[in-house]
Colleague: 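One structure, as structure tokens, below. Some questions next.
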Protein chains: 2
Amino acid sequence: MSEEEPGLAELRTRFVRGFLDVTIMKMLLEEPLWGYKMMGVLRDRYGVKVGPPVIYPLLDSMEADGLILAEEVYSGKRKRKVYKVLPKGETMLKNMDRILKDF
Amino acid sequence: MSEEEPGLAELRTRFVRGFLDVTIMKMLLEEPLWGYKMMGVLRDRYGVKVGPPVIYPLLDSMEADGLILAEEVYSGKRKRKVYKVLPKGETMLKNMDRILKDF
DNA sequence: CCGAATATGTCGTAAAATCGATATATTGTA
DNA sequence: TACAATATATCGATTTTACGACATATTCGG
């Protein structure tokens, strides 16, 4: 009916995909998360489908960069790698805020 | 000397490259620009090198999408395609602002 | 006890982005 | 008059990124 607007949803998807690392760290400030849970939050909150081949290598590289740190949490025999943001990651988030504010 | 921080400059480059269309429209709100001039502004203001094979097809597709409109301006025999932002482009910028504000 | 959901992870290809090189023409400067 | 800068535009190869499909193991509900 209405002509397609330059979709808010599409822009948000672009932003989340383009700054998935930053988005993940923002999410981590709100609640403890592990890879599988992140995929669900990204789907439910942003409508962005992020699969295992995207999330797990990304989390590994972010940890290697010193942005986040994993802690292995067991509930029974099930292992979860719960992440938290490190100081370097917090600096990155502050820099991101500055860029977005200036824009 | 100091270890590399999660660079403000690198983040800005990522943002500009990832949202080159949006960045260009923001620039167009401030001053009239054409492709060649845009490359210089992007280099001088953001330190982002954007070459001809990137800028010209992008401007064409943005015009095809109805985001911007080109006007051919002649100074002598030299042709410049000066762009302005169309309503659809303004809507996109407003949506972008909303996303960045919510983030 | 079986299937769906949870949880992490990789392979290999397919799609997309990037970017140097090239092409053409005009204008300004030394 | 020759060279640098302005201005638009494309080709093609390389590099990067995305993503379906697969693999493995645990847990929970019916």
Side-chain angles (χ1 to χ4, degrees), chain A residues 9-24 27-28 31-65 68-84, chain B residues 9-24 27-28 31-65 68-84:
Chain A
E10 287 163 35
L11 266 179
R12 182 166 283 125
T13 297
R14 267 178 72 188
F15 185 81
V16 170
R17 279 189 192 280
F19 291 93
L20 194 52
D21 49 356
V22 179
T23 303
I24 284 170
M27 282 160 48
L28 281 177
E31 54 176 338
L33 292 170
W34 50 98
Y36 187 85
K37 189 83 182 293
M38 288 175 193
M39 292 191 276
V41 172
L42 289 166
R43 179 177 24 82
D44 298 340
R45 219 157 88 186
Y46 302 109
V48 177
K49 194 189 157 193
V50 175
V54 171
I55 204 88
Y56 293 115
L58 175 61
L59 290 171
D60 287 344
S61 77
M62 286 172 70
E63 193 177 17
D65 287 346
I68 57 175
L69 183 68
E71 186 195 357
E72 296 199 342
V73 176
Y74 286 85
S75 48
K77 283 180 182 172
R78 172 166 288 172
K79 188 180 66 177
R80 280 176 183 163
K81 289 173 80 173
V82 178
Y83 290 89
K84 64 173 179 181
Chain B
E10 287 163 33
L11 266 178
R12 183 168 281 123
T13 298
R14 268 179 70 188
F15 185 81
V16 169
R17 280 189 192 280
F19 290 93
L20 194 52
D21 50 355
V22 179
T23 303
I24 284 170
M27 282 160 50
L28 281 176
E31 55 177 337
L33 293 169
W34 50 98
Y36 188 85
K37 190 80 183 292
M38 288 174 195
M39 292 191 278
V41 173
L42 289 166
R43 179 177 25 79
D44 297 341
R45 220 158 86 186
Y46 301 108
V48 178
K49 193 188 159 195
V50 176
V54 171
I55 203 88
Y56 293 115
L58 175 62
L59 290 172
D60 287 345
S61 77
M62 286 171 70
E63 193 178 17
D65 287 345
I68 56 175
L69 184 68
E71 186 195 358
E72 295 199 341
V73 176
Y74 286 85
S75 48
K77 282 181 184 172
R78 172 165 289 172
K79 187 180 67 177
R80 280 177 184 162
K81 290 173 79 172
V82 178
Y83 290 89
K84 64 174 178 181

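Just so you know, these numbers use all the heavy atoms, side chains as well, and skip hydrogens, waters and symmetry mates. Lettering follows sequence order; numbering is per chain, from 1.
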Colleague: Would you sort out whether Met62(A) and Tyr83(A) count as a side chain to side chain contact (heavy atoms under 4.5 Å, CB included), showing the intermediate values?
Modeller: CA-CA 10 Å; Met62(A) 286 172 70; Tyr83(A) 290 89; over 6 Å; no
Colleague: Which of residues 13-21 of chain B have a heavy atom under 4.0 Å from DNA chain D?
Modeller: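 Here the set is empty: none.
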Colleague: Let's go through Leu42(A) and Ile55(A) carefully: what are the C-alpha distance in whole Å and the side-chain angles of both, what is the deciding distance for side chain to side chain contact (heavy atoms under 4.5 Å, CB included) to 0.1 Å, and is it a yes or a no?
Modeller: CA-CA 11 Å; Leu42(A) 289 166; Ile55(A) 204 88; 4.2 Å; yes
Colleague: Which residue, Arg80(A) or Pro57(A), contacts DNA chain C at a nucleotide closer to its 5' end, judged by nearest heavy atom?
Modeller: Arg80(A)
Colleague: Applying side-chain contact (heavy atoms from CB on, under 4.5 Å), can you list everything that pairs with Arg45(B), at least two apart in sequence or on another chain?
Modeller: Met27(B), Glu30(B), Val41(B)
Colleague: Atom CG of Leu59(A) and atom C1' of dA7(C): how far apart are they, to the nearest Å?
Modeller: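 Computing the Leu59(A):CG to dA7(C):C1' distance gives 12 Å.
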Colleague: Under 4.0 Å between any heavy atoms, over every strand shown, what does Lys37(A) touch: base, sugar-phosphate, or nothing? Just pick one.
Modeller: nothing
Colleague: Considering all heavy atoms of both residues, which atom of Lys81(A) and which atom of Ala70(A) are nearest to each other, and what is their separation?
Modeller: CE-CB, 4.1 Å
Colleague: At their closest point, which heavy atom of Pro57(A) faces which heavy atom of Pro52(A), and how far apart are they?
Modeller: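 Minimum heavy-atom separation between Pro57(A) and Pro52(A): CD-O, 3.6 Å.
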Colleague: Rounded to whole Å, please give me the gap between CD in Glu72(A) and C1' in dA7(C).
Modeller: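 Whole-Å distance recorded here is 12 Å.
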Colleague: Summarise protein proximity over nucleotides 21-30 of chain C in one line of letters, 5' to 3': B for base, S for sugar-phosphate only, - for none, counting protein heavy atoms closer than 4.0 Å.
Modeller: B----BS---
Colleague: Which nucleotide in the list dA9(D), dC19(D), dT8(C) gets nearest to the side chain of Tyr56(A)?
Modeller: dT8(C)
Colleague: Please work out which residues in residues 39-50 of chain A have a non-hydrogen atom less than 4.0 Å from an atom of DNA chain D and list them by number.
Modeller: Lys49(A)
Colleague: Please name the pair of heavy atoms, one in Tyr46(A) and one in Arg12(A), separated by the smallest distance, quoted to 0.1 Å.
Modeller: CD2-CD, 3.5 Å
Colleague: May I have the distance from Trp34(A) (atom CH2) to dA5(C) (atom C1'), rounded to whole angstrom?
Modeller: 13 Å
Colleague: Tell me: CD1 of Ile55(B) to P of dA17(C), nearest whole Å?
Modeller: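 Atom-to-atom, Ile55(B) to dA17(C), this comes out as 15 Å.
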Colleague: Going by the rule ring pair (Phe, Tyr, Trp, His ring centres under 6.0 Å), which residues pair with Tyr56(B) if we only count those two or more places apart in sequence or in a different chain?
Modeller: none
Colleague: Between dT6(D) atom P and Leu33(B) atom CG, what is the distance in whole Å?
Modeller: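 Those two atoms, CG and P, are 14 Å apart.
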Colleague: If I take atom CG in residue Leu58(B) and atom P in nucleotide dC19(C), what distance separates them, rounded to the nearest angstrom?
Modeller: 14 Å
Colleague: Taking the side chain as every heavy atom from C-beta outward, state whether Val16(A) and Val50(A) have any atom pair closer than 4.5 Å.
Modeller: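 No - every pair of side-chain heavy atoms lies 4.5 Å or more apart.
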Colleague: Please work out which of the three classes, parallel, tilted or perpendicular, describes the rings of Phe15(A) and Phe19(B), given edges at 30° and 60°.
Modeller: tilted
Colleague: Hey, does the side chain of Tyr36(B) come within less than 4.0 Å of dT8(D)'s phosphate (OP1/OP2), counting only N and O?
Modeller: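 Looking at the OP1 and OP2 atoms of dT8(D), neither is under 4.0 Å from any side-chain N or O of Tyr36(B).
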Colleague: For Leu58(B) and Asp21(B), which heavy atoms make the closest approach, and how far apart are they?
Modeller: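 Minimum heavy-atom separation between Leu58(B) and Asp21(B): CD2-N, 4.2 Å.
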Colleague: Checking Arg17(B) now: which residues fulfil salt bridge (charged side-chain N to carboxylate O under 4.0 Å, His left out) with it, not counting sequence neighbours?
Modeller: none
Colleague: Give one of base, sugar-phosphate or nothing for Gly51(A), where a contact means two heavy atoms less than 4.0 Å apart.
Modeller: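 Nothing: the residue Gly51(A), judged by heavy atoms under 4.0 Å, touches no strand.
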Colleague: Leu59(B) and side chain to side chain contact (heavy atoms under 4.5 Å, CB included): which partner among Val54(B), Ile68(B), Leu33(B)?
Modeller: Ile68(B)
Colleague: What is the distance, to the nearest angstrom, from the CE atom on Met38(A) to the C1' atom on dA7(C)?
Modeller: 13 Å
